[in-house]
Amino acid sequence: THTHTLPPPLPLAKQIIMGRVHGCAMVVAVLALTVAGPLDAAGADVSGGLLPLLPVTPDVARMLVSAHGSRPLHRRGPPHPSEAVHLALPSPWAALLNHNGGSNSCDVTHYGAVADNTTSASDALDHALLDCATQFPHGSVVVFPSAPGGAYLLTRSVALRSNVTLLLEHNVTVFSGMGPSSLVSAPSCPTSYWNTTGIFCAGNATNIAIVGMGADTSILDGGGWPWYNAKLFGRGPRLFEVEWTTNITLSHISFRNSPSWTVHPTYSTNVYAESISILNPRFTPNTDGFDPDSTVNAELSNSLIDTGDDGISIKSGNVSEGHASVMVASRNTWIHNSVILSRNVCVGSATFGGVYDVVVEDSAIGDDLGSSPWAIKYKSHHTYPGPMINHVYRRLRLGKIAPNTWQQSHGGTAIIVGLSYGHPLPPNPPPCPPMCPLLNGLVFEDIAITGAVTAGSIAGEHRDPLHNLTFSNVTFATPPKNTWHCNFVASYTAHNVFPNITCSKPLAQADSKATGSWTAQALQ
């Protein structure tokens, strides 16, 4: 039987905003609120008068509501794909500055930054980050002040620092001028995946944040067009990438035109992203949106993603550092109240260390014009034993899932679950079991779909079947041309599914090439 997964605990930053953390716990809760000391039970600062705890004002309450800004966060009905997520809500983060000369802030223009689109602000930003981190070790804010009509240029990667919030005020664009021939990495940031660091990066940091005044007015631009024009898709730097970092907040900001994956936290804990937009051209492969990779406690809410590749990709990568193989599980991922217009929410590719406890709810995937060629997809490599345990998709609205000319001409399948992504079996595959993926506990509940070419393709293998699948209230407004293909499933339940779904069980006999016994009877 399936065990329903509760949403993961709220990341500490959000608990602070909602008034759930008081007293001495605030000492370690710097995060984006940059509280410099403990608070009393009423939330008042008793540390000497730096920055106050952000109160739950009407503005903060509006930040925590759903797409229309009028219903509770955990509403039952998802937004329609044609509805725009409300990303222009007043940002509460201006309270960081206190706007009375907050003493623990550093203005990049005081260090030489000029928003003239041509003068590099990299030195100024590095100096401001260092200065603020040194002077205010318990929490500080580095500010890009408002610059209508102008933009701040970066000419190298920027290493974020512990206990420092990067704040973009209204009418601020910070863009990367690094093209294929002008990459400059940050030496203090790791490069496990590629030979370059992210444009905004961090390694072994604690309490970092990038926040703005709204996703329509505070913009980080990855400067991806030189990479797109050279057809170097996915070969450039990620726009935001951190490793081995704890307590990460991204709020009220827009990430645009990333040369590669856009937001990629790796081997990190407590990732909180809310009221952000991620916008890359739809024709650009490998420009994923939100990719939590081997993370623990990752949350994305009230956000809009429209990219050229996977909108959301939950990963557990396998990266060699020196001679060691790193296989760290992803645990507790919560996606809610968001709209993904590009292709799919997916698990993988790369599930080597396992992906546990995923909840995707109260969201929309794809629009009714066919922006998404598939909506939910599993991309697990066949020969790696990465478990995928307890994943729930509920209260979702999927649009018209259809092929398109800019991304996937062979798309059109609403839900894809498979265990053999990417490449065929090698000549001498490892024995299966035990060296094969495991998928156990997958729930699709209260999902309304406008239409698709194929309802779904769901397949384990006869030596490696899927376990404990639940389909409840999954319906298409327009019947798909092709019904469900569902094979090698050891156990499942289905209720109110249209068109009807029937899944075949694994073969009754053991495979002669397998090591050990792997029969349908044993599986059940």
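Please read all numbers here as calculations on a predicted model, not as lab measurements.
- A side-chain contact (heavy atoms from CB on, under 4.5 Å) with Ile365 is found for exactly one of Leu398, Ile401, Ile312, namely Leu398.
- Residues forming a side chain to side chain contact (heavy atoms under 4.5 Å, CB included) with Pro403 (at least two apart in sequence, or on another chain): Val453.
- Within the 4.5 Å cutoff, side-chain heavy atoms of Asp288 are placed close to those of Lys315.
- Side-chain atoms of Ser268 come within 3.5 Å of backbone N or O of Thr245 as a donor-acceptor pair.
- With no hydrogens or angles considered, no side-chain donor-acceptor pair links Asn337 and Asn302 at under 3.5 Å.
- Thr197 and Ser157 share a side-chain donor-acceptor pair at under 3.5 Å.
- The salt bridge (charged side-chain N to carboxylate O under 4.0 Å, His left out) search around Lys400 returns none, not counting sequence neighbours.
- Side-chain contact between Leu442 and Leu466 is absent, with no heavy-atom pair separated by less than 4.5 Å.
- Across Asp293 and Ser330, no two heavy atoms sit closer than the pair C-OG, 3.8 Å.
- Here CG of Asn487 is found 11.0 Å from CD of Glu461. Values are rounded to the nearest 0.5 Å.
- Under the side chain to side chain donor-acceptor pair (under 3.5 Å) test applied with Asn280, the options Thr307, Thr262, Asn286 reduce to a single match, Thr262.
- Between Arg394 and Val443, the closest side-chain pair of non-hydrogen atoms is not below 4.5 Å.
- Of the inter-residue distances, the one linking Ile208 atom CD1 with Leu160 atom CG reads 5.0 Å to the nearest 0.5 angstrom.
- Counting heavy atoms from C-beta on, the side chains of Val296 and Val328 never come closer than 4.5 Å.
- One finds no salt bridge joining Asp446 and Arg395 here, because no Lys/Arg side-chain nitrogen approaches an Asp/Glu carboxylate oxygen to under 4.0 Å.
- For the pair Met388 and Leu419, the minimum side-chain heavy-atom distance is below 4.5 Å.
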Worked verdict on Phe144 versus Leu125 for side chain to side chain contact (heavy atoms under 4.5 Å, CB included): CA-CA 9 Å; Phe144 278 99; Leu125 179 54; 4.0 Å; yes
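- Distance alone, capped at 3.5 Å, places no donor-acceptor pair between the Ser303 side chain and the Ser277 backbone.
- Counting heavy atoms from C-beta outward, Pro480 and Thr454 have side chains that stay 4.5 Å or more apart.
- A distance-only check finds a donor-acceptor pair linking the side chain of Ser371 to the backbone of Leu341 [under 3.5 Å].
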Glu361 and Glu445: CA distance, side-chain angles, deciding distance, side chain to side chain contact (heavy atoms under 4.5 Å, CB included) verdict: CA-CA 9 Å; Glu361 61 185 358; Glu445 179 180 85; over 6 Å; no
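- Side-chain contact between Leu300 and Ile305 is present, with at least one heavy-atom pair separated by less than 4.5 Å.
- Considering every non-hydrogen atom in both Phe290 and Ala273, the closest pair reads CE1-CB, 4.1 Å.
- A distance-only check finds a donor-acceptor pair linking the side chain of Ser491 to the backbone of Asn468 [under 3.5 Å].
- The distance from the OH atom of Tyr152 to the OG1 atom of Thr173 is 10.0 Å, given to the nearest 0.5 Å.
- Judged by distance alone, the side chain of Ser218 and the main-chain N or O of Glu169 form a donor-acceptor pair under 3.5 Å.
- Across all their heavy atoms, Leu154 and Val158 have their closest contact at CD1-CG2, 3.9 Å.
- The shortest heavy-atom contact between Ile199 and Pro259 is CD1-CD, 4.2 Å.
- Put simply, CG on Leu220 and CZ on Phe240 are 9.5 Å apart, with the number rounded to the nearest 0.5 Å.
- Side-chain N or O atoms of Ser182 include one that pairs as donor or acceptor with a backbone N or O of Gly179 at under 3.5 Å.
- In this structure a side-chain-to-backbone donor-acceptor pair under 3.5 Å is missing from Ser316 to Ser294.
- Between the side chain of Ser122 and the backbone N or O of Thr155, at least one donor-acceptor pair lies under 3.5 Å.
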Test side chain to side chain contact (heavy atoms under 4.5 Å, CB included) applied to Ser372 and Ile340, step by step: CA-CA 9 Å; Ser372 180; Ile340 298 92; over 6 Å; no
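- In this model, a donor atom of one side chain and an acceptor atom of the other lie less than 3.5 Å apart for Thr266 and His264.
- Between Ala414 and Phe476, the shortest heavy-atom distance links the atoms CB-CZ, 4.1 Å.
- Taking Asp306 as the reference, Arg282 meet the salt bridge (charged side-chain N to carboxylate O under 4.0 Å, His left out) condition, with sequence neighbours excluded.
- Residues Cys486 and Val489 have side chains in contact (heavy-atom distance under 4.5 Å, counting atoms from C-beta outward).
- Classification of Arg238 and Asp291 as a salt-bridged pair fails, no side-chain N sitting under 4.0 Å from a carboxylate O.
- No side-chain donor-acceptor contact under 3.5 Å links Thr196 to the backbone of Pro237.
- Side-chain contact, Thr269 with Thr246: no donor N or O sits under 3.5 Å from an acceptor N or O.
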Full working for side chain to side chain contact (heavy atoms under 4.5 Å, CB included) between Trp484 and Val497: CA-CA 10 Å; Trp484 300 90; Val497 178; 3.8 Å; yes
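- Between Phe352 and Gly317, the shortest heavy-atom distance links the atoms CD1-C, 3.6 Å.
- We find the CG-CG distance between Leu438 and Asp464 to be 7.5 Å, quoted to the nearest 0.5 Å.
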Ignoring hydrogens and angles, write down the donor-acceptor pairs under 3.5 Å from the side chains of residues 223-233, residues two or more places apart or on other chains.
unit_1	atom_1	unit_2	atom_2	d
Trp227	NE1	Met178	O	3.1
Tyr228	OH	Ser258	N	3.4
Tyr228	OH	Ser258	O	2.8
Asn229	ND2	Trp225	O	3.2

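- Shown here are the side chain to side chain donor-acceptor pair (under 3.5 Å) partners of His410, two or more places apart in sequence or in another chain: Gln408.
- If you take OH on Tyr378 and OG1 on Thr351, they are separated by 10.5 Å, rounding to the nearest 0.5 Å.
- Applying the salt bridge (charged side-chain N to carboxylate O under 4.0 Å, His left out) test to pairs two or more places apart or on separate chains, none has a residue in residues 251-265.
- Of the possible polar contacts, none joining the Asn344 side chain to the Asp310 backbone as a donor-acceptor pair under 3.5 Å is found.
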